[in-house]
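Whatever order the structure lists them in is the order used to number ligands and atoms, beginning at 1. Everything numeric in this text was worked out from a predicted model, so none of it was measured.
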Amino acid sequence: MSWVPDAAGSSYDLDNLPYGVFSVGDTPPRVGVRIGDFVMDAPAVAALGGDPGDGPDLATAWARPSLNFFLSLGAPTWRIAREWLVEVLGHEVHQERVEPLLVPVDDATMHLPFEVADYVDFYCSLQHATNVGRIFRPDAPALPPNWRHLPIGYHGRAGTVVVSGTTVTRPSGQRLPPGSSRGAPTPEFGPTRRLDIEAELGFVVGTPSPRGEPVPTSAFAEHVFGVTPLNDWSARDLQAWEYVPLGPFLAKSFATTVSAWVTPLAALSHARVPLPGQSPPPLPHLAVEEPAGFDIALEIVLNGEVVSRPPYASMYWSPAQMLAHLTSNGASLRTGDLYASGTISGDERDQRGSLLELSWGGREPFGSGRSFLEDGDTVTLRATAPGALGGRIALGEVTGTVLPSV
Ligand code: MN
């Protein structure tokens, strides 16, 4: 039980403790830890002295404008830090010294929590891949022949990953006008008419790996520090025109939103669940020990209304398999690498993770007659998971508002 007012029993109790980067007024950005409705000034508390004993110098590691240095210290340090946070925030003996260093979350300015090194997006939901195949390629098999053998992915644009709350300007690009001839398509350039979202989960790499040394699935928790919900904003008309044969390019590179809070894997120990089942069994280098999945419940909120509840537990490929696949050719990992699950869609219509699927390519408007995003729309992703204390922990929310094209 935390002594922090109203933290005990909340979705930000001692079993959560996500990390972010915050500032107040003109103070420099530094690492903060969320507890209840407060941000703990992590380097200031660490500088009080008293623990973590002979361990790493956390006061220095956290007095930085990103989590990267802390992430690079590796899993043993992450464990020491978490044990120390539980001690400091869980025992009243520390209250008198630490309470003045708690900032109400509403008073804090949150920053992008880590410098994104490389960004990769996958395509791990069987239901999403099947839906997209049926919508985009109705006359072909929904799944490409490689889909059940490897987690399909592409390299995205790290420099346009933004923190929750950042506005997103409607992108322009090449698209086909409605009714364009299939035989002789004539593109035009203009603002996307099919701006969409993808509800995903992103995984943040802490420990790097050397080039030439694949990372096995068993080393997932040594390399991956934590998770964030992620919105892979997508322009479907741009995507449909550009994606053959090299995959998405400008349709997705204009913005990707992550949470201000990175939830450590350690907080998800009670959310582990078996994968829904893989047939055929993956090749040996992609084999996993179960439970390799995560029971994380997402919500897509459009202008204040919940329009979908995608279940992460339904994902076919696990994050350990994504990591093993993306390094299986010897590609190295860097601290700050971000890889995302791909759109999370469940079996039911109200579990689909994109507006493309919710409106079935725009042919079946949902809710109050919506298909794609309009200027002024606000989309928020929320996510929760079972916590170690018996309740549910919250992952940091991911929100963004659409601005008109420039
Ligand atoms: Mn995506």
Side-chain angles (χ1 to χ4, degrees), residues 116 118-137 142-144 146-147 150-162 164 166 168 171 173 192 194-204 227-244 246-259 294 296 298-300 307-308 310-312 314-319 321-323 325-326 337-346 351-359 361 372-373 379-381 383 395 398-400 402:
V116 182
D118 289 301
Y119 165 50
V120 170
D121 193 22
F122 284 94
Y123 194 50
C124 289
S125 162
L126 177 66
Q127 294 88 336
H128 171 70
T130 302
N131 289 340
V132 170
R134 288 170 62 199
I135 292 168
F136 275 159
R137 299 176 294 274
L143 291 182
N146 56 0
W147 199 91
L150 52 81
I152 295 175
Y154 67 94
H155 282 94
R157 193 162 188 84
T160 52
V161 175
V162 297
S164 178
T166 305
V168 173
T192 176
R194 295 192 154 209
L195 185 59
D196 198 356
I197 57 112
E198 294 190 336
E200 307 195 14
L201 207 58
F203 297 86
V204 182
V227 305
T228 164
L230 180 147
N231 183 351
D232 175 22
W233 302 87
S234 300
R236 299 301 182 190
D237 41 2
L238 278 54
Q239 183 180 357
W241 173 235
E242 75 176 4
Y243 86 103
V244 177
L246 290 185
F249 188 49
L250 302 179
K252 289 164 176 284
S253 63
F254 56 95
T256 304
T257 308
V258 295
S259 171
F294 289 94
I296 297 173
L298 283 86
E299 286 183 339
I300 302 174
V307 296
S308 182
Y312 189 79
S314 68
M315 297 298 270
Y316 187 94
W317 292 105
S318 67
Q321 290 170 314
M322 292 182 242
L323 188 70
H325 179 59
L326 83 83
D337 278 357
L338 170 68
Y339 66 95
S341 61
T343 307
I344 304 160
S345 290
Q351 295 180 325
R352 296 173 184 166
S354 66
L355 306 191
L356 175 77
E357 295 162 86
L358 285 166
S359 70
F372 294 99
L373 294 174
V379 178
T380 303
L381 306 181
L395 282 66
V398 169
T399 192
V402 178

What's the separation between atom CG in L201 and atom CG in L298, rounded to the nearest 0.5 Å?
6.5 Å
Donor-acceptor pair, side chain of S308 and main chain of R352, under 3.5 angstrom
yes
What's the spacing between S359 OG and D196 CG if we round to 0.5 Å?
7.5 Å
Among the N, O or S atoms of D232, the one nearest the Mn ion (ligand 1)
OD2
What N/O/S atom of E198 gets nearest to the Mn ion (ligand 1)?
OE1
Could you check whether atom OH of Y154 has more than 12 heavy atoms from other residues, nucleotides or ligands sitting under 6.0 Å from it?
yes
Name, closest N/O/S atom of E200 to the Mn ion (ligand 1):
OE2
Of all the N, O or S atoms in D121, which one sits nearest to the Mn ion (ligand 1)?
OD2
